[in-house]
Amino acid sequence: MTPPDLLQRALDEPPLRQLPSPAADLLRELDASPRLVAHLRAVHDVAYRIVEWVAERYPALPLDREAVLFGAATHDIGKTTHVAELSGPGSAHENAGRDLLLEHGVPPYLARFAATHAGWTLPDVGVEDLLVSLADKIWKNKRVPDLEDLVVGRLVETSGRAVWEEFLALDDLLTSVGEGAGARLAFQASYPV
């Protein structure tokens with residue numbers, strides 16, 4: 001069992017943005033690992049920067065901002081039951097996370113991110129899913145060209161600008177966000193699994 005003060009510190013400690021209240025409450029209820037909470041805050045913080053950039057640059061893009069932020073805040077919640085995946089590889093947490101969220105009354109359109117955050121090539125993946133996946137990679141400055149190409153494609157569809165122009169704009173954003181990876185990794189590592 002996690003000491004309540006350590007879990008609370010992982011939820012509140014600066015400098016990262018706080019998680020949406022429903023996500024934070026659920027993580028408390030599930031007695032989530034402080035390391036998991038720190039990771040979710042890092043990804044949520046990056047997702048916030050991404051959706052703000054998208055909203056400013058692509059106002060015509062239909063985007064459920066709150067869904068992206070909730071998805072980023074809960075995408076790995078299945079690791080509360082698949083604890084070994086906190087420090088090792090595995091994908092069992094993905095469907096388990098979606099199911100866990102559904103069991104706790106989270107609507108399917110929000111619970112889906114737990115299952116889709118690693119499956120950006122699945123059919124019918126929306127722009128929100130792509131942005132959660134992107135945040136889950138770039139928080140630690142991991143660049144995934146196939147994923148970025150899918151995001152660029154959605155941006156081109158909306159803007160009508162050239163692919164190279166959208167690629168460069170996204171690349172600038174991801175480079176800027178990636179520069180903070182060291183601090184985010186240190187924040188996560190400061191909490192026990």
Side-chain angles (χ1 to χ4, degrees), residues 16-24 26-27 32 35-58 61-80 82 85-86 89-102 104 106-155 157-158 166 170-171 173-174 176-178 180-181 184-185 187-188:
L16 302 176
R17 284 176 183 79
Q18 303 234 330
L19 297 176
S21 294
L26 186 54
L27 290 164
R35 173 81 50 96
L36 174 60
V37 171
H39 168 69
L40 293 173
R41 282 191 62 207
V43 174
H44 172 263
D45 193 70
V46 167
Y48 183 91
R49 287 188 60 190
I50 292 171
V51 296
E52 290 298 304
W53 178 83
V54 168
E56 182 180 316
R57 185 170 165 89
Y58 307 93
L61 178 66
L63 178 69
D64 187 338
R65 178 184 184 278
E66 298 309 315
V68 172
L69 296 177
F70 185 85
T74 60
H75 74 281
D76 275 347
I77 202 162
K79 291 183 180 183
T80 60
H82 293 278
E85 293 183 16
L86 280 168
S91 59
H93 73 278
E94 295 164 12
N95 288 330
R98 180 196 57 224
D99 295 344
L100 182 65
L101 289 168
L102 292 170
H104 282 83
V106 174
Y109 82 96
L110 292 175
R112 77 179 195 259
F113 297 103
T116 64
H117 71 274
W120 55 82
T121 60
L122 296 171
D124 300 325
V125 169
V127 68
E128 290 88 357
D129 303 272
L130 293 174
L131 296 180
V132 170
S133 298
L134 188 62
D136 190 34
K137 296 300 180 190
I138 200 61
W139 80 274
K140 60 184 174 185
N141 203 20
K142 181 173 184 182
R143 302 294 297 260
V144 182
D146 292 345
L147 172 58
E148 292 175 26
D149 288 346
L150 290 170
V151 173
V152 166
R154 299 293 175 96
L155 300 178
E157 288 172 10
T158 299
E166 297 304 352
L170 182 64
D171 184 63
L173 170 70
L174 299 181
S176 172
V177 170
R184 289 186 294 270
L185 285 162
F187 178 83
Q188 177 181 290

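All residue numbers in this chain count up from 1 along the given sequence.
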**Request:** Using atom types as modelled and distance alone, determine if a side-chain donor or acceptor of R184 lies under 3.5 Å from a backbone N or O of A42.
**Result:** no
**Item:** Approximate separation, where rounding is to 0.5 Å, of D124 CG and T116 OG1
**Value:** 11.5 Å
**Asked** With under 30° as parallel and over 60° as perpendicular, where do the rings of W53 and Y58 fit, or are they tilted in between?
**Response** perpendicular
**Where V132 and F113 come nearest, the two heavy atoms and their spacing** = CG2-CD2, 3.6 Å
**Message:** Tell me if the centroids of the rings in H75 and H39 come within less than 6.0 Å of each other.
**Reply:** yes
**Request:** Heavy atoms only: give me the nearest L27-A73 pair and the separation to one decimal.
**Result:** CD1-O, 4.3 Å
**Request:** Apply side chain to side chain contact (heavy atoms under 4.5 Å, CB included) to D146 and T121, showing your working.
**Result:** CA-CA 9 Å; D146 292 345; T121 60; 5.8 Å; no
**Request:** Evaluate the side-chain proximity of E66 to P20: yes if any heavy-atom separation is below 4.5 Å, no if none is.
**Result:** no
**Request:** Say whether, by atom type as modelled, one donor and one acceptor occur between the side chain of K79 and the main chain of L86 under 3.5 angstrom.
**Result:** no
**Request:** State the OG1-CG distance between T80 and L26, to the nearest 0.5 angstrom.
**Result:** 8.0 Å
**Prompt:** Does the side chain to side chain contact (heavy atoms under 4.5 Å, CB included) test come out yes or no for N141 and L185, once each step is laid out?
**Reply:** CA-CA 10 Å; N141 203 20; L185 285 162; over 6 Å; no
**Nearest heavy-atom neighbours spanning G97 and A114** = C-CB, 3.6 Å
**Complete:** On a heavy-atom basis, the closest approach of E128 and P62 is OE2-O, 4.1 Å
**Prompt:** Can any side-chain N or O of S133 pair as donor or acceptor with the backbone N or O of A118 at less than 3.5 Å?
**Reply:** no
**Request:** Could you grab the distance from atom CZ of R57 to atom OG1 of T158, nearest 0.5 Å is fine?
**Result:** 11.5 Å
**Request:** Give a yes or no on whether the backbone of A115 and the side-chain of R98 come within a donor-acceptor separation of less than 3.5 Å.
**Result:** no
**Item:** Rounded distance (nearest 0.5 Å) linking atom CZ of F70 with atom CG of L101
**Value:** 5.5 Å
**Request:** Please answer whether the main-chain N or O of H93 pairs with a side-chain N or O of E85 as donor and acceptor at a distance below 3.5 Å.
**Result:** yes
**Request:** Apply side chain to side chain contact (heavy atoms under 4.5 Å, CB included) to I138 and I50, showing your working.
**Result:** CA-CA 10 Å; I138 200 61; I50 292 171; 4.2 Å; yes
**Message:** Could you report the tightest heavy-atom contact between L19 and L40, atom names first, then the distance?
**Reply:** CD2-O, 3.8 Å
**Asked** So do the side chains of L131 and L63 get within less than 4.5 Å of each other, counting heavy atoms only?
**Response** yes
**Prompt:** Which atom pair, heavy atoms only, marks the closest approach of A23 to T74?
**Reply:** CB-CG2, 3.7 Å
**The single option from R143, K137, R154 passing salt bridge (charged side-chain N to carboxylate O under 4.0 Å, His left out) against E148** = R143
**Message:** Under the criterion side chain to side chain contact (heavy atoms under 4.5 Å, CB included), I'd like the reasoning laid out for R49 against R17: C-alpha separation, chi angles, the key distance, then a yes or no.
**Reply:** CA-CA 10 Å; R49 287 188 60 190; R17 284 176 183 79; 4.3 Å; yes
**Prompt:** Are L134 and L174 side-chain neighbours, meaning at least one heavy-atom pair lies under 4.5 Å?
**Reply:** yes
